[in-house]
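These notes are about the structure you will find just below.
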Amino acid sequence: MEIVLARILKYLNGALFYDDHYRFCTYLVDHYLEILDREEMTKEDFLKEAGIGESNMDDFIRRLTCSPDWASFRRTLAQDHLLRLDQIRGRMVGLRAEDLAAEMEKDVSDEEMLAYVSMLCKELDRHERIVLIGALYPMSIAVEFQTDLIILGKNVVQFHNYDPNMQFTKKDLLVFISATGRFMKGFLEARSDLHPKEADSLLITQNPAYTMEEPRISDHVLKLPGRFDGLRFNYQLMHIFDLLRIQYYQQYYLGDR
């Protein structure tokens, strides 16, 4: 059975409306470890801080197949957290970022790829929030990466156009996923009201044009082989997200800085 966080992300990532269910999910993801650590946090505290109604929260928790009793829900959340941590540790046994980098399709050396991924993990670690922005299928590929990083203590969300509270600051790292780069270029033009240029950004793309100084639209560019080949790009994304979460776990969660 899926852990509670996975069920929450399944709803949140596919949500179509800004309502109490959405606010419950976003608040929980934004404050995930804090909710687990604050034993004195009451249900009333959560409702007030999240700005939601009790009946709507109880209804949503039942939809997650959990008891709406606050102590029971927190206990289930904590148990699932430890279960996922054990699963992550188990998957990481014997895994080396060097081996995964050697196996993946790339147009740079293994050493260059590992150095770049290590730098990106440093960026992931130093920003308070990571916002994933892209089309539906690439976003679905990123879910395991998103889940693991939340479990490891990072706030990772997918962008929703209708969220009135979504404003970008220097504390954010925006991760754009676009084989051609057009999605990011269009986003910067269409959503300037959210101040995306205030945040740091990473573009994962197959377009070599965006690796040049002009037209440079992002702070970091991870260029993958190919030329706007959607199927090939999707397989490359699976490799990249696996490499990032393995490297992040080893570089930061295990303290090997």
Side-chain angles (χ1 to χ4, degrees), residues 2-3 5-6 8-10 12-13 29 32 80-81 83-127 129-159 173-179 183 201-206 218 220-226 229-257:
E2 290 178 317
I3 63 171
L5 178 62
I8 288 170
L9 291 177
K10 183 178 288 186
L12 179 60
N13 292 342
V29 170
Y32 178 72
D80 280 3
H81 175 75
L83 174 63
R84 182 71 177 207
L85 270 179
D86 284 343
Q87 291 172 344
I88 292 172
R89 293 189 188 104
R91 290 199 310 267
M92 295 296 176
V93 172
L95 280 180
R96 298 190 330 133
E98 292 85 351
D99 295 335
L100 193 60
E103 295 170 1
M104 71 180 295
E105 186 182 17
K106 57 190 178 301
D107 48 17
V108 296
S109 69
D110 294 353
E111 292 74 18
E112 289 174 300
M113 177 57 74
L114 285 169
Y116 203 75
V117 166
S118 179
M119 180 276 295
L120 293 179
C121 286
K122 184 176 181 180
E123 293 297 297
L124 293 173
D125 190 62
R126 79 178 183 87
H127 287 87
R129 182 175 65 169
I130 296 101
V131 183
L132 305 172
I133 307 173
L136 178 62
Y137 195 75
M139 290 295 96
S140 68
I141 294 172
V143 170
E144 287 298 305
F145 167 81
Q146 180 187 13
T147 305
D148 277 2
L149 259 68
I150 292 172
I151 291 291
L152 298 178
K154 296 303 299 182
N155 181 3
V156 186
V157 296
Q158 292 187 13
F159 174 77
L173 176 65
L174 311 184
V175 180
F176 289 90
I177 306 167
S178 174
F183 192 100
S201 58
L202 162 66
L203 171 62
I204 303 177
T205 185
Q206 288 180 330
S218 62
H220 309 287
V221 180
L222 182 55
K223 193 271 177 186
L224 301 175
D229 181 339
L231 183 60
R232 187 180 180 186
F233 186 59
N234 290 333
Y235 277 110
Q236 291 167 344
L237 289 175
M238 293 178 195
H239 241 128
I240 283 297
F241 285 126
D242 279 346
L243 183 56
L244 282 169
R245 59 182 177 155
I246 290 169
Q247 181 66 30
Y248 184 86
Y249 176 81
Q250 294 175 345
Q251 186 170 330
Y252 288 100
Y253 190 75
L254 293 182
D256 183 15
R257 297 172 185 259

For this session: Show your working on side-chain contact (heavy atoms from CB on, under 4.5 Å) between Leu222 and Leu202 and close with a plain yes or no.
Result: CA-CA 7 Å; Leu222 182 55; Leu202 162 66; 4.2 Å; yes
Exercise. Is the side chain of Thr205 donor-acceptor paired with the backbone N or O of Ser178 at a distance under 3.5 Å, no angle test?
Worked result: yes
Exercise. Please, which pairs that meet salt bridge (charged side-chain N to carboxylate O under 4.0 Å, His left out) have at least one residue in residues 86-95, sequence neighbours excluded?
Worked result: Asp86-Arg89, Arg91-Asp148
For this session: Give, for atom CG of Leu132 and atom CD1 of Ile141, the distance between the pair rounded to the nearest 0.5 Å.
Result: 12.0 Å
Problem set entry | Spacing of OH belonging to Tyr32 relative to CG belonging to Asn155, to within rounding of 0.5 Å | 12.5 Å
Problem set entry | Geometric class of the Phe241/Phe145 ring pair [parallel <30°, tilted 30-60°, perpendicular >60°] | tilted
Problem set entry | Stepwise salt bridge (Lys or Arg N to Asp or Glu O under 4.0 Å) check, Lys10 with Glu2 | CA-CA 10 Å; Lys10 183 178 288 186; Glu2 290 178 317; 3.1 Å; yes
For this session: Evaluate the criterion side-chain contact (heavy atoms from CB on, under 4.5 Å) for residue pair Arg129 and Leu173; output intermediate values, then yes/no.
Result: CA-CA 6 Å; Arg129 182 175 65 169; Leu173 176 65; over 6 Å; no
Exercise. Testing Val117, Leu243, Asp125 for side-chain contact (heavy atoms from CB on, under 4.5 Å) with Tyr248, which one passes?
Worked result: Asp125
Exercise. Where do Ile3 and His81 land on the side-chain contact (heavy atoms from CB on, under 4.5 Å) test, with the steps shown first?
Worked result: CA-CA 8 Å; Ile3 63 171; His81 175 75; over 6 Å; no
Exercise. Is a side-chain donor or acceptor of Gln146 paired with a backbone partner of Val156 at a separation under 3.5 angstrom?
Worked result: yes
For this session: For Leu9 and Ile150, run side-chain contact (heavy atoms from CB on, under 4.5 Å): C-alpha distance rounded to whole Å, both residues' side-chain angles, the deciding distance at 0.1 Å, then the answer.
Result: CA-CA 10 Å; Leu9 291 177; Ile150 292 172; 4.0 Å; yes
For this session: Consider only side-chain N and O atoms of Glu112 and Ser109, and report whether a donor and an acceptor are under 3.5 Å apart.
Result: yes
Problem set entry | Point-to-point distance, once rounded to the nearest 0.5 Å, from CD of Gln251 to CD1 of Ile246 | 13.0 Å
Exercise. Between Lys154 and Glu123, does a salt bridge (Lys or Arg N to Asp or Glu O under 4.0 Å) hold up when you go through it step by step?
Worked result: CA-CA 12 Å; Lys154 296 303 299 182; Glu123 293 297 297; over 6 Å; no
For this session: Working to the nearest 0.5 Å, report the span between OG of Ser218 and CG of Leu203.
Result: 4.5 Å
For this session: Nearest 0.5 Å please: distance from the CZ atom of Arg245 over to the CG atom of Leu124.
Result: 13.5 Å
For this session: Check for a donor-acceptor pair, side chain of Tyr253 on one end and backbone N or O of Leu149 on the other, with a separation under 3.5 Å.
Result: no
For this session: To the nearest 0.5 Å, tell me how far Asp110 CG sits from Glu98 CD.
Result: 9.5 Å
